[in-house]
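Some notes on the structure that comes next.
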Amino acid sequence: MALTGRTALISAVGALFVGFVLPSWLGILTVQLALLIAILFDLALAAPVRRLHFTRTGDTTVRLTGEAHTHLTLTNPSRRTLRAKIRDAWPPSSFQPGSDIPASRHTVRIPASERRRLTTALHPTRRGDHHAVRVTVRSYGPLGLAARQGNHHVPWTLRVLPPFNSRKHLPAKLARLRELDGRTSILTRGEGTEFDSLRDYTPGDDTRSIDWRATARRQDLAVRTWRPERDRRILLVLETGRTSAGRVGDIPRLDASMDAALLLGALAARAGDRVDLLAYDRRVRASVQGHAARDVLPALTEALAPLESELVEADARGLAATIHRRTARRSLIVLFTGLDAAPVEEALLPVLPGLTQRNELIVAAVADPRIEEMATGRHTPQSVYAAAAAEQTRAARRRTADRLRHHGITVIDATPDRLAPDLADAYLTLKSTGRL
């Protein structure tokens with residue numbers, strides 16, 4: 001039983017009134033007895049909590065920073081009117097900071113044998129699965145002096161997907177892909193590895209692309225046009241060890257890598273390539289294999305949604321062995337990892353020969369934009385020291401990148417807002433030059 005603030009107010013007013021008429025002890029006793037009777041009467045008329053029936057419907061997925069709605073249908077099967085305050089409790093990360101109280105609390109009045117639908121708006125601030133905690137009901141009597149309280153477990157799961165902010169770059173990259181495929185008026189001449197068609201020679205064409213047999217038949221110079229090969233294998237590998245947990249700006253490095261992986265996966269699927277995903281630190285954390293082109297992006301999004309960094313050192317040899325098992329034929333491997341000198345030199349470099357022997361390899365790393373800002377500061381002694389430290393950090397990353405390029409690896413080292421489009425450009429370049 002829960003007593004309300006109204007109970008205390010009535011008790012105080014009654015004690016003051018009776019104190020002028022009866023002896024103090026008798027007056028207090030009379031007021032308390034009357035209040036107790038009123039409370040018991042009010043409590044007896046409050047609708048029971050345990051008999052209430054709940055069902056839940058609503059959204060099951062939402063992108064990060066989006067809005068989702070979950071609906072509670074509350075049925076009052078008793079013969080009494082339900083006057084209640086209800087809290088639909090979710091984890092704090094399901095709401096914007098400071099907004100969970102108004103968003104999850106409801107006041108209802110439901111007559112006997114009727115039902116009402118309550119809507120809770122969720123604004124998640126973290127990826128992953130968010131589970132409903134409990135529904136707490138406080139049922140008041142008609143006088144509002146006392147209330148019954150109880151909890152109900154009404155399960156529901158909302159999966160919060162990556163935001164995919166780099167989606168805005170997809171139309172431009174698809175337009176360039178159509179140019180490579182020769183589906184627009186702009187042709188990329190003499191590139192690619194798969195013969196497409198013949199056309200008339202125009203000044204400036206590479207003479208090596210002239211088809212002399214076709215020229216003899218047509219009595220006009222004819223050149224071959226090419227298009228990138230399709231049905232290539234693309235393996236997106238996210239290293240989920242401790243280095244991926246570091247934050248750049250407002251997001252973890254892993255989230256920036258996810259955004260780039262989604263853009264590249266969507267682009268490669270539209271290009272007719274087969275896209276797989278592997279997330280690994282010391283064991284496989286997520287995997288996507290063998291999906292049709294139209295299902296690649298939803299599969300990647302679902303697999304990445306609950307993925308979190310692990311505060312362990314990644315096992316490079318185990319990762320290389322897992323990649324070998326996944327790539328039975330030549331593939332493009334895109335490895336999302338860091339460019340810190342120690343992990344690369346001690347762990348990654350020893351396993352590179354096995355990875356690059358039959359595969360094309362891209363290493364994509366997230367650069368900290370704060371380092372770029374610090375490197376431009378020269379206004380105060382403190383900023384000069386900060387700029388020197390930033391330059392030292394940038395030089396170390398360049399040395400590490402150069403060592404990787406020495407092994408024939410394409411390295412993309414970019415800030416979170418540039419990593420996705422730069423990686424997509426590198427992929428298109430590989431296709432246009434026939435390296436994929």
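None of these values were measured; they are calculated from a predicted model.
- Proximity of Leu263 to Arg167: side-chain heavy atoms (C-beta onward) are nowhere separated by under 4.5 Å.
- At distances below 3.5 Å, not a single donor-acceptor pair connects side-chain atoms of Arg159 with backbone N or O atoms of Thr61.
- In this structure, a donor-acceptor pair under 3.5 Å is present between the side chains of Ser383 and Thr380.
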Report task. Dump the intermediate steps for side-chain contact (heavy atoms from CB on, under 4.5 Å) on Gln289 and Arg326, then the final yes or no. Result -> CA-CA 9 Å; Gln289 281 185 289; Arg326 297 291 183 94; 3.4 Å; yes
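- Asp368 has no carboxylate O lying under 4.0 Å from a charged side-chain N of Arg247, or vice versa, which leaves the two without a salt bridge.
- Separating the CD atom in Glu302 from the CG atom in Leu304 is a distance of 10.0 Å, to the nearest 0.5 Å.
- Each side-chain hydrogen bond (donor to acceptor under 3.5 Å, both in side chains) pair with one or both residues in residues 306-324, not counting sequence neighbours, appears once here: Arg242-Glu313, Ser244-Ser309, Thr322-Arg325.
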Would you be so kind as to tabulate the donor-acceptor pairs closer than 3.5 Å made by side chains of residues 333-341, with sequence neighbours excluded?
from   : atom 1 : to     : atom 2 : distance (Å)
Thr337 : OG1    : Glu239 : OE1    : 3.1

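- Asp295 places no side-chain N or O within 3.5 Å of a backbone atom of Ala299 that could act as its donor or acceptor partner.
- The shortest side-chain heavy-atom distance between Thr60 and Leu158 does not fall under the 4.5 Å cut-off.
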Report task. Start with the C-alpha gap between Thr119 and Thr70, add the side-chain angles, then the distance that decides, and say whether side-chain contact (heavy atoms from CB on, under 4.5 Å) holds. Result -> CA-CA 6 Å; Thr119 299; Thr70 176; over 6 Å; no
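- With Asn76 contributing its side chain and Ser113 its backbone, the two residues share no donor-acceptor pair below 3.5 Å.
- Between the side chains of Thr157 and Asp129, not a single donor N or O lies within less than 3.5 Å of an accepting N or O.
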Report task. Mind running side chain to side chain donor-acceptor pair (under 3.5 Å) on Glu67 and His69 for me, showing each step along the way? Result -> CA-CA 7 Å; Glu67 180 176 291; His69 295 89; 2.8 Å; yes
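- Using modelled atom types, no side-chain atom of His131 and backbone atom of Pro91 make a donor-acceptor pair closer than 3.5 Å.
- Judged by distance alone, with hydrogens and angles left aside, the side-chain atoms of Arg253 form a donor-acceptor pair with the main-chain N or O of Val366 at under 3.5 Å.
- The number of heavy-atom neighbours closer than 6.0 Å to CG of Asp402, taken from other residues, nucleotides and ligands shown, is above 12.
- For the atom pair CG of Leu267 and NZ of Lys431, the computed distance is 9.0 Å after rounding to the nearest 0.5 Å.
- In this structure, the separation between CE on Met258 and CG on Leu64 is 10.5 Å, given to the nearest 0.5 Å.
- When all heavy atoms of Ala305 and Pro162 are compared, the pair lying nearest together is CA-CD, 3.9 Å.
- The shortest side-chain heavy-atom distance between Glu360 and Arg330 falls under the 4.5 Å cut-off.
- A donor-acceptor contact closer than 3.5 angstrom links the side chains of Thr120 and Asp88.
- Between the side chain of Ser139 and the backbone N or O of Ala47 there is at least one donor-acceptor pair closer than 3.5 Å.
- Remark: side-chain polar atoms of Asp259 are paired, donor with acceptor, to backbone N or O of Asn165 under 3.5 angstrom.
- With hydrogens and angles ignored, the 3.5 Å screen pairs no side-chain donor or acceptor of Thr75 with any backbone N or O of Pro77.
- Across all non-hydrogen atoms, the minimal contact from Pro369 to Val248 is CD-CB, 4.3 Å.
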Report task. Verify side-chain contact (heavy atoms from CB on, under 4.5 Å) between Asp59 and Val62, making sure each step is shown before the conclusion. Result -> CA-CA 7 Å; Asp59 298 326; Val62 65; 5.7 Å; no
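- Salt-bridge formation is not detected for the pair Asp413/Arg394: no Lys NZ or Arg NE/NH1/NH2 atom is positioned less than 4.0 Å from an Asp or Glu carboxylate oxygen.
- Of all heavy-atom pairs spanning His130 and Trp90, the tightest one is O-CZ3, 3.4 Å.
- Residues Pro48 and Ser78 meet the side-chain proximity criterion, which asks for heavy atoms closer than 4.5 Å.
- Contact check on Glu372 versus Arg370 returns no salt bridge, with no Lys/Arg side-chain nitrogen under 4.0 Å from an Asp/Glu carboxylate oxygen.
- In this structure, Leu361 CG and Thr410 OG1 are separated by 8.0 Å, a value rounded to the nearest 0.5 Å.
- The closest side-chain donor-acceptor pair between Thr57 and His71, if any, does not fall under 3.5 angstrom.
- Side-chain atoms of Tyr427 and Asp422 form no donor-acceptor pair, as typed in the model, at a separation below 3.5 Å.
- Listed here is the closest heavy atom pair of Leu300 and Gly265: CD1-CA, 4.0 Å.
- In this structure, His123 has its ring center no closer than 6.0 Å to that of Phe95.
- Within a 6.0 Å radius of CZ in Arg126, no more than 12 heavy atoms belonging to other residues, nucleotides or ligands are found.
- At distances below 3.5 Å, not a single donor-acceptor pair connects side-chain atoms of Arg87 with backbone N or O atoms of Arg105.
- Looking at heavy atoms from C-beta onward, Asp276 lies out of side-chain contact with Leu236 at the 4.5 angstrom threshold.
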Report task. Quick one: do Leu332 and Ile362 satisfy side-chain contact (heavy atoms from CB on, under 4.5 Å)? Show the steps, please. Result -> CA-CA 8 Å; Leu332 170 63; Ile362 296 178; 3.9 Å; yes
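- For Arg403, the side-chain contact (heavy atoms from CB on, under 4.5 Å) partners are Glu345, Leu349, not counting sequence neighbours.
- Here the CZ atom belonging to Arg63 is positioned 5.5 Å from the CG atom belonging to Leu161, to the nearest 0.5 angstrom.
- Residues Val284 and Ser287 are in side-chain contact: their nearest non-hydrogen atoms beyond the backbone lie under 4.5 Å apart.
- Salt-bridge annotation for Arg127 and Asp255: present, with a side-chain N of the basic residue lying under 4.0 Å from a carboxylate O of the acidic one.
- Using a 4.5 Å heavy-atom threshold, the side chains of Pro142 and Arg83 count as touching.
- Across all their heavy atoms, Arg138 and Ala147 have their closest contact at CG-CB, 3.5 Å.
- With hydrogens and angles ignored, the 3.5 Å screen pairs a side-chain donor or acceptor of Thr327 with a backbone N or O of Ile323.
- Side-chain contact between Arg285 and Pro306 is absent, with no heavy atoms from C-beta onward closer than 4.5 Å.
- Annotation: the span from Arg232 atom CZ to Leu430 atom CG amounts to 12.5 Å, rounded to 0.5 Å.
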